[in-house]
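Since the structure comes first, as structure tokens, the remarks are kept for the end.
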Number of protein chains: 2
Amino acid sequence: MFQLSKKIEYALIALRHMAMGHAGQIFTAKEIADKYHIPYDLLAKVMQKLAKKGYITSYQGLHGGYTLTRNPSELKVSAIINAIEEKQTVAIIQCEAESPENCIIHSTCTIKNPLVRLQTTINKMFDELTITEMV
Amino acid sequence: MFQLSKKIEYALIALRHMAMGHAGQIFTAKEIADKYHIPYDLLAKVMQKLAKKGYITSYQGLHGGYTLTRNPSELKVSAIINAIEEKQTVAIIQCEAESPENCIIHSTCTIKNPLVRLQTTINKMFDELTITEMV
DNA sequence: TAAAATACGACCATATAAGTCCTAATTTTA
DNA sequence: TAAAATTAGGACTTATATGGTCGTATTTTA
Ligand code: SF4
Ligand code: SF4
């Protein structure tokens with residue numbers, strides 16, 4: 001528990017790689033998968049999601065690939081995480097990640113508040129960390 | 001991902017509950033399970049682990065139960081987490097949680113360092129948070 | 001038209017998490 | 001001494017999440 005998923009790590013690795021190239025440079029999923037020994041299919045999916053969310057721009061066809069659409073300094077890790085995982089994923093307690101009613105002890109739970117406070121700080125950290133800090 | 005497990009939440013709830021009683025007061029697993037609508041068997045296991053690690057003291061037999069062995073202010077959340085989960089669990093990247101060789105891209109990975117730095121801060125937060133802050 | 005790329009859904013295998021069940025062992029008390 | 005209430009702990013089951021794979025379109029260029 002408490003780990004970033006492989007998908008997120010792959011996304012970060014890919015984005016960092018792209019951030020090191022020159023502006024507008026096209027990268028293919030295959031090229032990145034090979035370089036970092038990442039399973040191609042999985043990376044492809046991850047990049048498709050990043051494209052769908054607008055963080056990278058995709059070009060189909062021969063000589064296609066992806067370019068960064070934004071400046072790396074605008075690529076917050078928090079945003080990338082949320083782009084790839086569906087539910088609010090940086091939520092150390094479950095009632096913050098999904099609907100509170102899912103936890104049967106929600107009404108009697110007494111540990112929520114201190115943990116939520118802690119989470120706020122963590123959120124801020126992921127918010128302030130951008131791809132720029134990774135190159 | 002990135003959530004505390006139910007076991008840990010149950011441990012925190014139980015310890016907080018115990019911290020609210022008077023020093024040396026005995027609590028049973030059943031009593032706490034009932035009060036917070038936690039599955040008894042699961043909570044029992046959790047408390048057994050806490051007892052084994054010395055955070056609470058167990059008394060068997062009729063009118064048995066558990067008492068807090070330490071002052072709540074000495075009960076770090078980080079320690080409780082590690083008591084219950086086996087491997088280094090507050091490790092946002094996998095190579096920090098287990099042996100780095102398990103990650104086939106470890107040698108080529110380029111995102112480790114910034115994340116490790118972030119993790120250091122998170123560790124500190126869990127280290128500074130004690131049960132006292134929860135009562 | 002062939003090649004190389006993205007797009008995307010379906011699927012599978014494995015691991016983890018969560019919960020349950022069963023049977024001791026211990027202690028107290030009626 | 002027997003029954004009751006408790007901890008102790010292993011085995012098991014189920015549910016869910018993760019990581020990965022496969023198959024097939026679609027798009028674009030040479
Ligand atoms: S209500 Fe309490 S136990 Fe339930 S998910 Fe939230 S923090 Fe965890
Ligand atoms: S080496 Fe990189 S990809 Fe592998 S676990 Fe560590 S951070 Fe994640």
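Note on naming: letters A, B, ... go to the chains in the order of the sequence lines (proteins, then strands), and numbering restarts at 1 for each one.
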Sugar-phosphate, base or nothing in reach of A:A44, heavy atoms under 4.0 Å: nothing
B:D34/B:K30 salt bridge by N-O under 4.0 Å criterion: yes
Reported CD-to-OG distance for the pair A:Q94 and B:S5, which is rounded to 0.5 angstrom: 8.5 Å
Short side-chain N/O contact from B:S58 to OP1 or OP2 of D:dT6, under 4.0 Å: no
A:T28 side chain near C:dA4 phosphate (N/O to OP1/OP2, under 4.0 Å): no
Closest approach of B:I105 to A:Y36 (non-hydrogen atoms, all atoms of both residues): CG2-O, 2.5 Å
Expressed as a whole number of angstroms, how long is the span from [X]:[atom1] to [N]:[atom2]?
| X | N | atom1 | atom2 | result |
| --- | --- | --- | --- | --- |
| A:I26 | C:dA5 | CD1 | P | 11 Å |
| A:Q48 | C:dA5 | CD | P | 14 Å |
| B:Y40 | C:dC22 | OH | P | 15 Å |
| B:E9 | C:dG19 | CD | P | 10 Å |
| B:K7 | C:dT20 | NZ | C1' | 14 Å |
| B:Q3 | D:dT16 | CD | P | 14 Å |
| A:K53 | C:dC8 | NZ | P | 13 Å |
| A:L42 | D:dC22 | CG | C1' | 13 Å |

Does [X] use its side chain to pair, donor to acceptor, with the backbone of [Y] at less than 3.5 Å?
| X | Y | result |
| --- | --- | --- |
| B:T67 | B:Q25 | no |
| A:K6 | A:I38 | no |
| B:T69 | B:G54 | yes |

Side chain of [X], heavy atoms from C-beta onward: which of [options] has the nearest atom to it?
| X | options | answer |
| --- | --- | --- |
| A:Q94 | C:dA18, C:dT20, D:dG9 | C:dA18 |
| B:Y66 | D:dG19, C:dA7, D:dA8 | D:dA8 |
| B:D41 | C:dC8, D:dT7, C:dC21 | C:dC21 |

Please write out each protein N/O paired with an N/O of nucleotides 28-30 of chain D under 3.5 Å, distance rounded to 0.1 Å.
residue : atom : partner : partner atom : Å
D:dT28  : O2   : A:L62   : N            : 3.0

Shared hydrophobic cluster for B:Y59 and B:I32 (ILVMFWY, side-chain gaps under 4.5 Å): no
Nearest-nucleotide comparison on DNA chain D, the residue closer to the 5′ end among B:F27 and B:K45: B:F27
